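Proteins get letters first, then strands, A, B, ... in listed order; numbering begins at 1 in each. Quick caveat, the model's predicted, so the values are computed rather than measured.
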There are 2 protein chains.
Amino acid sequence: MIRVLLADDQQLIRAGLRMLCDAEPDLEVVGEAGNGREAITLAARLTPDVIVMDLRMPGVDGISATSRVLADRPATRVLVLTTFGDDDHLYPALNAGACGFLLKDAPPEELLDGIRRAAAGDSPFSRDVLRRLVNRATSAGAAPRRPVEGLTAREQDVLDLVGEGLSNTEIAERLHIGITTVKSHITALMTKTNSPNRVRLALVAHRGG
Amino acid sequence: MIRVLLADDQQLIRAGLRMLCDAEPDLEVVGEAGNGREAITLAARLTPDVIVMDLRMPGVDGISATSRVLADRPATRVLVLTTFGDDDHLYPALNAGACGFLLKDAPPEELLDGIRRAAAGDSPFSRDVLRRLVNRATSAGAAPRRPVEGLTAREQDVLDLVGEGLSNTEIAERLHIGITTVKSHITALMTKTNSPNRVRLALVAHRGG
DNA sequence: CGGCGTCTCCTCCCGGGGGAGGAGATACTG
DNA sequence: CAGTATCTCCTCCCCCGGGAGGAGACGCCG
C-alpha cells in the first residue's frame, strides 16, 4: 500500500486526485494540504511515502515546502504536479529534491503510474518536461568530459563513480566486479593521480570533466 | 502490434531479447542486426516502429547508425540499450536522436515497458541514467546555489576544508581544534546535508560554491 | 613463442572514518 | 532567570578505506 499526501491549494483538484487514488487498491490518500505550511506539518505527522505537490500555493510555496520536508525526512518521494506554465520552476524544484515532475493536463493513468514509479524510487517525468530536460542536458553537455591522461578504460569507469561519491561496494555492484578489484583500481588511480585520499581523487575526477 | 528491430553485435543478447519480446503478445521482432551497417539497411527495408540499439558495435557504431536511420525515417523510435560504461555516450546518443536510454542490467520488465513507452512517443530512461541527466541539467541551470542553508559558521569552515580533500587530522590542525571536534562537526554536516559519506559531503561543498 | 599490459581476484593488516551517546563551557534571548 | 544554540571535547566501537604483495586469465604484439 502506497501512502500518499496531496498538496494543492485548489480544493477541486485535491478532490479529483483523491477520487482517482481511492479507486486504486494499492494507493491510499492519508491526508490533504491546502498550502506549503500544511504540507510540511502533515508530512511530519503522517510520514507519507509520496507527496503529490503543487508549486503555486499561498504562503509557503511548493519548492520551499519540498526542501523543508526532505530536510526532515529525506526518504520521502516528492512528485511535483503542476501546470505547463510553471515549468520555469522545473530546475528549482529538482534542486529542492523533487523526484519527478508531471503536468496537470496529463492523462489520469500517467499520474497514477507516476505515483507508483515515484514510490518505487523511479523518477517520473511528463513527456514535455522530459524533452525540455533532455534539451537542457544535451546543449549543456557539449563538453564531453575529457578523460585524465594515462588511465585505462576501466580505471576511468571507477574514477567517474568515485567522483559521484559512491562507496567501493556501490562501485563494485554498479560495474559488476568484485570489491577487491575496485580497490585494486583505486590504488592504481591514487598512485597515478598522486592523490593522498579518496576525496582528492574525487576532485581529480571533476577537474577532468 | 509494435514492430521491433534488434541491433546488437552479441548474438546471445539478441536471442535473449527476442525471446523476451516473443513472449509478449503486442511485440513483434521483425529483424536482427549484428552491426550498425545492417541496422541501417534493415531499418530501411523493414520500417520497424522501434529499434533497440546497442552502442558498441563493430564497423558502424550505434550512434552513427541512429543518425543515418533517423535521417531517412524520422518517425522511427530508437531506444539505446547498452552497458553502464557506455553512458559517456549518453549525450552523443541523444543528440543523434535516440529517444531513450536503458541499461542492459535493467530488469526485463523495464526493458519491455521501455519499448512500449518508446513506441507511444515517450522517452524511457533507466534510473541511473535519468539521475545523471537530472544532475547535468540542474548543475547547468542558473540555480541560486546558496552556501547550504542551515549550517553554523564553524560547520561551514569544516565543510570548506573537507571540500579541499583534507583529512580530519589536517582539518584539526588547520582550525586549531581537536580531532574529535572535527568529527563532531562532520557528523552534524553529514546529517544536515544528507550525505552518506565523505566524498558526497565534499561534493556538497563544491555545489555550494 | 614469450613478453607485456590489463582486468580480475585473493589474503593479511591497520589506521582513519564514522555512529552513538554524553558532557562542560560560553553566549544569546524570551 | 530558564531555555536554547553553538563550540568544544570525551569514550566506546565497528567497519570501510587503503597499502603490500601476489596470482591467474586474456589479448596484443614483436
Side-chain angles (χ1 to χ4, degrees), chain A residues 68 71-75 147-206, chain B residues 9-10 12 56-58 82-88 104-105 147-205:
Chain A
R68 294 281 301 277
D72 189 32
R73 301 185 51 84
V148 180
E149 289 285 329
L151 301 186
T152 70
R154 210 48 167 166
E155 284 166 354
Q156 269 293 342
D157 292 342
V158 174
L159 180 60
D160 284 347
L161 296 179
V162 170
E164 291 186 15
L166 301 196
S167 70
N168 287 345
T169 311
E170 290 169 328
I171 295 174
E173 286 171 356
R174 195 74 92 72
L175 297 179
H176 301 108
I177 58 180
I179 194 174
T180 59
T181 308
V182 175
K183 293 174 84 175
S184 298
H185 288 311
I186 286 187
T187 301
L189 282 168
M190 284 184 155
T191 57
K192 279 185 180 179
T193 64
N194 202 32
S195 303
N197 60 51
R198 173 173 278 246
V199 176
R200 291 284 185 86
L201 190 59
L203 295 183
V204 170
H206 280 73
Chain B
D9 59 330
Q10 298 179 56
L12 191 63
R56 287 192 194 173
M57 287 190 290
T82 188
T83 52
F84 168 75
D86 274 350
D87 69 347
D88 297 339
K104 280 185 179 171
D105 57 357
V148 187
E149 278 193 38
L151 299 187
T152 69
R154 211 50 167 165
E155 285 167 352
Q156 269 293 344
D157 294 341
V158 174
L159 181 58
D160 287 347
L161 297 179
V162 170
E164 291 182 18
L166 301 194
S167 69
N168 287 345
T169 312
E170 290 169 329
I171 295 174
E173 288 171 354
R174 193 75 86 77
L175 296 180
H176 302 103
I177 58 179
I179 195 174
T180 60
T181 308
V182 175
K183 293 174 81 174
S184 297
H185 287 311
I186 287 188
T187 300
L189 282 167
M190 285 183 156
T191 57
K192 279 185 179 178
T193 64
N194 201 32
S195 303
N197 60 53
R198 174 173 278 246
V199 176
R200 291 280 185 89
L201 191 58
L203 295 183
V204 170

Are any protein N/O atoms closer than 3.5 Å to N/O atoms in nucleotides 23-30 of chain C? If there are, list each pair with its distance.
none

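Each end of the helix from C:dC1-D:dG30 to C:dG30-D:dC1 gets its own rotation axis from five pairs of C1' atoms, and the angle between them is 40° to the nearest 10 degrees.
Judged as a salt bridge (charged side-chain N to carboxylate O under 4.0 Å, His left out), and not counting sequence neighbours, A:Arg198 has no contacts. Judged as a side chain to side chain donor-acceptor pair (under 3.5 Å), and not counting sequence neighbours, the contacts of B:Arg154 are B:Asp157. Qualifying salt bridge (charged side-chain N to carboxylate O under 4.0 Å, His left out) partners for A:Lys192, counting only residues two or more places apart in sequence or in other chains: A:Glu155. By the side chain to side chain contact (heavy atoms under 4.5 Å, CB included) test, B:Glu173 is found to be paired with B:Thr169, residues two or more places apart in sequence or in another chain being considered. When the side chain to side chain contact (heavy atoms under 4.5 Å, CB included) test is applied to A:Asn197, the partners found at least two apart in sequence or on another chain are A:Val199, A:Arg200. Taking B:Asn194 as the reference, A:Pro74 meet the side chain to side chain contact (heavy atoms under 4.5 Å, CB included) condition, with sequence neighbours excluded.
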- Letter by letter from the 5' end, nucleotides 16-30 of chain D scores (B base, S sugar-phosphate only, - none; protein heavy atoms under 4.0 Å) -BBS-----------
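Within 4.0 Å of B:Thr152, counting heavy atoms only, lie sugar-phosphate atoms of the nucleic acid but no base atom.
Atom CZ of B:Arg174 is separated from atom CD of B:Glu164 by 6.0 Å, given to the nearest 0.5 angstrom. To the nearest 0.5 angstrom, A:Leu201 atom CG is 11.5 Å from A:His206 atom NE2.
The shortest distance between the side-chain N/O atoms of B:His185 and the OP1/OP2 oxygens of D:dT8 is below 4.0 Å. Residue A:Thr181 has no polar side-chain atom (N or O) positioned under 4.0 Å from OP1 or OP2 of C:dC7.
Atom-to-atom, CG of A:Leu189 to C1' of C:dC7 comes out at 13 Å; the value is rounded to the nearest Å. In this structure, B:Leu151 places its CG atom 14 Å from C1' of D:dA5, rounding to the nearest Å.
Checking C:dT8, D:dC10, C:dC9 against every side-chain atom of B:Thr180, the shortest atom distance belongs to D:dC10. Of the candidate nucleotides D:dC7, C:dC7, C:dC9, C:dC7 has the atom nearest to the side chain of A:Ala153.
For the residue pair A:Gly163 and A:Ala205, the shortest heavy atom distance occurs at CA-CB, 3.9 Å.
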Show every donor-acceptor pair shorter than 3.5 Å between a side-chain atom in residues 176-189 of chain B and any protein atom, with sequence neighbours excluded, or say none if there are none.
unit_1: B:Ser184; atom_1: OG; unit_2: B:Thr180; atom_2: O; d: 3.1
unit_1: B:Thr187; atom_1: OG1; unit_2: B:Lys183; atom_2: O; d: 2.9

